[in-house]
Amino acid sequence: MSLPSADELEQLQEIEKQWAVKAMHHAETYFSLLQAMDGSKLKLTKIDDEIYDDFMSTFAPNVPRVDILDEDKDFKSPEMKEKWRNFINRYEGGKVTDYNFGSLLRIDASKEYSEDNTMFVTRMQFLTIEIARNKAGLNSVHCKKN
């Protein structure tokens, strides 16, 4: 296996920057939506209820807390990595657009996006956690119309 050339490394770095910009733009847009309307009334996909029900049944009896996430315990442990992988792969094939793209997720639902309150996840994990947060009313605190 050969190492990438300097040109290839520059291209990879540029692609990585583009992904980071796209993920940040997505996060900013989503948080603006939360500020504009009550999250409990927000639909993120056509199949929010299906995703929520699947999440609750897949991860039962130890469904991760969604108010404040524990990245190591609920996302990075070997057992949870396997559960998430199987869960995410069920949405392959057009069921959820860009299901495996990278997204930024707030660790603490009561706070805004910040360097200390953000983790990098797949789009499907983002959708799943935020749908659960919206259903629990955890994002309503951010709505400026309240």
Side-chain angles (χ1 to χ4, degrees), residues 4 8-146:
E8 289 171 324
L9 281 176
E10 284 180 23
Q11 289 174 355
L12 289 173
Q13 288 174 343
E14 185 57 34
I15 290 170
E16 190 174 288
K17 285 179 196 173
Q18 289 173 3
W19 278 98
V21 168
K22 187 173 181 176
M24 191 63 214
H25 178 69
H26 177 262
E28 289 171 347
T29 301
Y30 179 66
F31 202 76
S32 292
L33 277 173
L34 291 179
Q35 291 177 319
M37 70 180 294
D38 187 334
S40 65
K41 297 179 176 98
L42 187 62
K43 293 279 281 176
L44 299 181
T45 73
K46 294 177 185 177
I47 58 169
D48 281 11
D49 293 335
E50 178 184 332
I51 292 169
Y52 178 78
D53 292 343
D54 190 14
F55 172 61
M56 298 306 279
S57 65
T58 297
F59 290 87
N62 300 313
V63 176
R65 287 180 55 182
V66 295
D67 56 344
I68 301 174
L69 304 174
D70 183 332
E71 186 174 7
D72 291 330
K73 177 180 164 238
D74 297 327
F75 293 86
K76 292 186 175 181
S77 72
E79 177 190 355
M80 292 304 274
K81 279 183 177 182
E82 183 66 22
K83 276 191 174 188
W84 276 114
R85 185 175 16 267
N86 292 334
F87 177 84
I88 291 164
N89 287 338
R90 288 199 289 268
Y91 295 89
E92 187 177 21
K95 216 169 178 188
V96 172
T97 306
D98 300 336
Y99 74 101
N100 62 349
F101 278 28
S103 292
L104 298 175
L105 180 63
R106 292 170 299 128
I107 295 167
D108 184 338
S110 69
K111 298 178 182 175
E112 296 183 19
Y113 282 96
S114 69
E115 187 175 334
D116 294 334
N117 193 44
T118 304
M119 57 191 264
F120 192 73
V121 297
T122 66
R123 179 73 48 92
M124 195 63 220
Q125 289 171 309
F126 166 85
L127 290 169
T128 302
I129 298 299
E130 290 298 339
I131 288 167
R133 286 174 168 175
N134 288 339
K135 286 188 176 287
L138 296 171
N139 284 327
S140 298
V141 68
H142 301 294
C143 182
K144 293 184 177 180
K145 287 186 176 180
N146 288 342

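To the nearest 0.5 Å, atoms CD1 (I129) and CG (L138) are separated by 11.0 Å.
Partners of K22 by salt bridge (Lys or Arg N to Asp or Glu O under 4.0 Å), not counting sequence neighbours: none found. Take K73 and apply the salt bridge (Lys or Arg N to Asp or Glu O under 4.0 Å) test, not counting sequence neighbours, and it matches no residue. Legend: residues meeting side-chain hydrogen bond (donor to acceptor under 3.5 Å, both in side chains) with D48, ordered by chain and number and at least two apart, are T45. Partners of S110 according to the side-chain contact (heavy atoms from CB on, under 4.5 Å) rule, which considers only residues two or more places apart in sequence or in another chain, are D108. For M119, the side-chain contact (heavy atoms from CB on, under 4.5 Å) test picks out L69, E71, F75, L105, I107, V121, with sequence neighbours left out.
Looking at heavy atoms from C-beta onward, N100 lies out of side-chain contact with M124 at the 4.5 angstrom threshold. Counting only heavy atoms from C-beta outward, the side chains of R106 and E130 approach each other to under 4.5 Å. A 4.5 Å side-chain heavy-atom check between F55 and V66 finds at least one atom pair inside the cut-off.
Under a cut-off of 6.0 angstrom, the local environment of NZ in K41 is sparse, with at most 12 non-hydrogen atoms contributed by other residues, nucleotides or ligands.
Ion pairing between a basic and an acidic side chain is recognised when a charged N comes within 4.0 Å of a carboxylate O; D74 and R65 show no such pairing.
In this structure, a donor-acceptor pair under 3.5 Å is absent between the side chains of T97 and R123. Between the side chains of T128 and Q125, no donor-acceptor pair of N or O atoms lies under 3.5 Å. No side-chain N or O of N117 forms a donor-acceptor pair with one of E112 less than 3.5 Å apart. Side-chain contact of D38 with S140: a donor-acceptor pair under 3.5 Å is present, judged by distance alone. Checking D54 against Y91 by side-chain atom types alone, a donor-acceptor pair falls below 3.5 Å.
Proximity of a side-chain donor or acceptor of H142 to a complementary backbone N or O of A109 within less than 3.5 Å is detected. Distance alone, capped at 3.5 Å, places no donor-acceptor pair between the W84 side chain and the T122 backbone.
The shortest non-hydrogen separation linking K83 to A60 is NZ-O, 4.3 Å. When all heavy atoms of R133 and N139 are compared, the pair lying nearest together is CB-ND2, 3.6 Å. Nearest heavy-atom pair, A23 versus G102, reported as atom, atom and distance to 0.1 Å: CB-O, 4.1 Å. Across F59 and P64, no two heavy atoms sit closer than the pair CB-CD, 3.9 Å.
In this structure, H26 and Y30 have parallel ring planes: the angle between them is below the 30° cut-off, well short of the 60° mark.
Pairs of residues two or more places apart, or lying in two chains, that qualify as ring-ring contact (aromatic ring centres under 6.0 Å, His included) and include a residue from residues 94-123 are W19-F101.
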Using side-chain contact (heavy atoms from CB on, under 4.5 Å), reason through L34 and N134 one step at a time and then give a plain yes or no.
CA-CA 9 Å; L34 291 179; N134 288 339; 4.0 Å; yes

Given R90 and K95, is the side-chain contact (heavy atoms from CB on, under 4.5 Å) satisfied, shown in steps?
CA-CA 8 Å; R90 288 199 289 268; K95 216 169 178 188; over 6 Å; no

